[in-house]
Engineer: 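The structure under discussion is supplied below as structure tokens; questions concerning it will follow.
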Amino acid sequence: MTDTDTIFGKIIRREIPATIVYEDEDVLGFKDIAPQAPVHVLFIPKNEVIPTLDDLTPEQGALVGKLVVAAAAYAREQGLHKDGYRVVMNCREHAGQTVFHIHLHLLAGAPLGRFGTP
Ligand code: 5GP
């Protein structure tokens, strides 16, 4: 496992608590500490430190697919697929990225507002 300085690295290494709801070889999923929807889970790569989507190389592209596949599997397992859900990845300031270890937000559990306007 690669070391990382972010709070998510500490969660991966179990140095700080988190409510982990999903784990496989490459991906960890845990509840967001400040949920923006009734269900708000973050999916992160466990073995690679990639600060932002802008740092992603073509060779690392499959990893983002794994985050999406993990989120979709979790959503289906939880029955969230019936009413639907949203996945979001924020990149840098204008998107409001605050943790520089790429992550995918899964938001669900209620109708979600529109997004993208300043
Ligand atoms: P970003 O804004 O970078 O796209 O998303 C970072 C997310 O990480 C935020 O939604 C924030 O609430 C969440 N977060 C920050 N620190 C912690 C933490 O220590 N534990 C958990 N579970 N989530 C965190």
Side-chain angles (χ1 to χ4, degrees):
M1 186 180 296
T2 308
D3 202 12
T4 170
D5 290 325
T6 71
I7 198 91
F8 291 174
K10 294 185 194 311
I11 289 173
I12 291 168
R13 297 191 299 269
R14 272 57 169 186
E15 291 171 6
I16 63 167
T19 305
I20 293 170
V21 297
Y22 178 93
E23 184 162 21
D24 66 28
E25 197 180 325
D26 303 299
V27 178
L28 189 70
F30 53 92
K31 292 187 180 180
D32 196 292
I33 203 167
Q36 302 299 307
V39 177
H40 188 172
V41 176
L42 302 172
F43 292 85
I44 67 173
K46 280 166 54 175
N47 305 312
E48 299 234 27
V49 181
I50 305 166
T52 81
L53 267 187
D54 186 55
D55 300 303
L56 191 75
T57 66
E59 293 72 29
Q60 293 169 320
L63 194 50
V64 174
K66 288 179 178 176
L67 299 181
V68 176
V69 167
Y74 176 77
R76 178 165 285 274
E77 177 208 292
Q78 295 293 311
L80 303 169
H81 63 294
K82 294 179 197 144
D83 290 326
Y85 55 87
R86 179 176 293 157
V87 295
V88 176
M89 295 185 80
N90 294 320
C91 181
R92 297 199 171 131
E93 288 82 355
H94 279 191
Q97 184 178 2
T98 56
V99 180
F100 291 87
H101 178 135
I102 60 165
H103 49 280
L104 180 143
H105 297 257
L106 169 68
L107 299 152
L112 301 167
R114 298 304 297 171
F115 58 93
T117 48

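Remember, it's 1-based here, ligands and their atoms both numbered in the order they're listed. If you read the sequence from its start, that first residue is 1, and numbering goes on from there.
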Engineer: Could you pull out the closest heavy-atom pair between L42 and F8, with the gap in Å?
Structural biologist: CD1-CZ, 3.6 Å
Engineer: I need the contact type for N90 against ligand 1. Using non-hydrogen atoms and a strict under-4.0 Å cut-off, is it side chain, backbone, both or neither?
Structural biologist: side chain
Engineer: Quick test of your reading of the structure: of D32, I16, T52, whose heavy atom lies closest to atom 10 (O) of ligand 1?
Structural biologist: D32
Engineer: Of all the heavy-atom pairs spanning I102 and L53, show the shortest one and how long it is.
Structural biologist: CG2-N, 3.5 Å
Engineer: Do any N/O atoms on V99 end up under 3.5 angstrom from N/O atoms on ligand 1?
Structural biologist: yes
Engineer: Would you check whether H103 has a nitrogen or oxygen atom less than 3.5 angstrom from a nitrogen or oxygen atom of ligand 1?
Structural biologist: yes
Engineer: Salt bridge check: are K66 and E25 linked by an N-O gap of less than 4.0 Å?
Structural biologist: no
Engineer: In terms of heavy-atom contacts, does CZ of R86 have more than 12 from other residues, nucleotides or ligands at under 6.0 Å?
Structural biologist: yes
Engineer: Mind checking whether Q97 has an N or O less than 3.5 Å away from an N or O of ligand 1?
Structural biologist: no
Engineer: With a 4.0 Å heavy-atom cut-off (strictly under), which part of V88 contacts ligand 1: side chain, backbone, both or neither?
Structural biologist: neither
Engineer: If you measure every N/O of G96 against every N/O of ligand 1, is any gap under 3.5 Å?
Structural biologist: yes
Engineer: Please confirm whether H101 and H103 have ring centers closer than 6.0 angstrom.
Structural biologist: no
Engineer: Heavy atoms only, cut-off 4.0 Å: how does I7 contact ligand 1, side chain, backbone, both, or neither?
Structural biologist: side chain
Engineer: Could you see which bit of K31 sits under 4.0 Å from ligand 1, with heavy atoms only: side chain, backbone, both or neither?
Structural biologist: backbone
Engineer: With heavy atoms only and a cut-off of under 4.0 Å, state how T19 meets ligand 1: side chain, backbone, both or neither.
Structural biologist: neither
Engineer: Any idea which protein heavy atom is nearest atom 3 (O) of ligand 1, and the distance to it?
Structural biologist: T98 N, 2.7 Å
Engineer: Which residue supplies the protein heavy atom nearest to atom 23 (N) of ligand 1, what is that atom called, and how far is it?
Structural biologist: I33 N, 3.2 Å
Engineer: For L67 versus P45, what's the shortest heavy-atom pair and its separation?
Structural biologist: CD2-N, 3.7 Å
Engineer: State, to 0.1 Å, how close L28 and R14 come at their nearest heavy-atom pair, and which atoms those are.
Structural biologist: CD1-NH1, 4.0 Å
Engineer: Using a 4.0 Å heavy-atom cut-off, which part of F8 comes near ligand 1: side chain, backbone, both, or neither?
Structural biologist: side chain
Engineer: Considering only heavy atoms, does Q36 approach ligand 1 within less than 4.0 Å through its side chain, its backbone, both, or neither?
Structural biologist: neither
Engineer: What distance separates N90 CG from T98 OG1, expressed to the nearest 0.5 Å?
Structural biologist: 8.0 Å
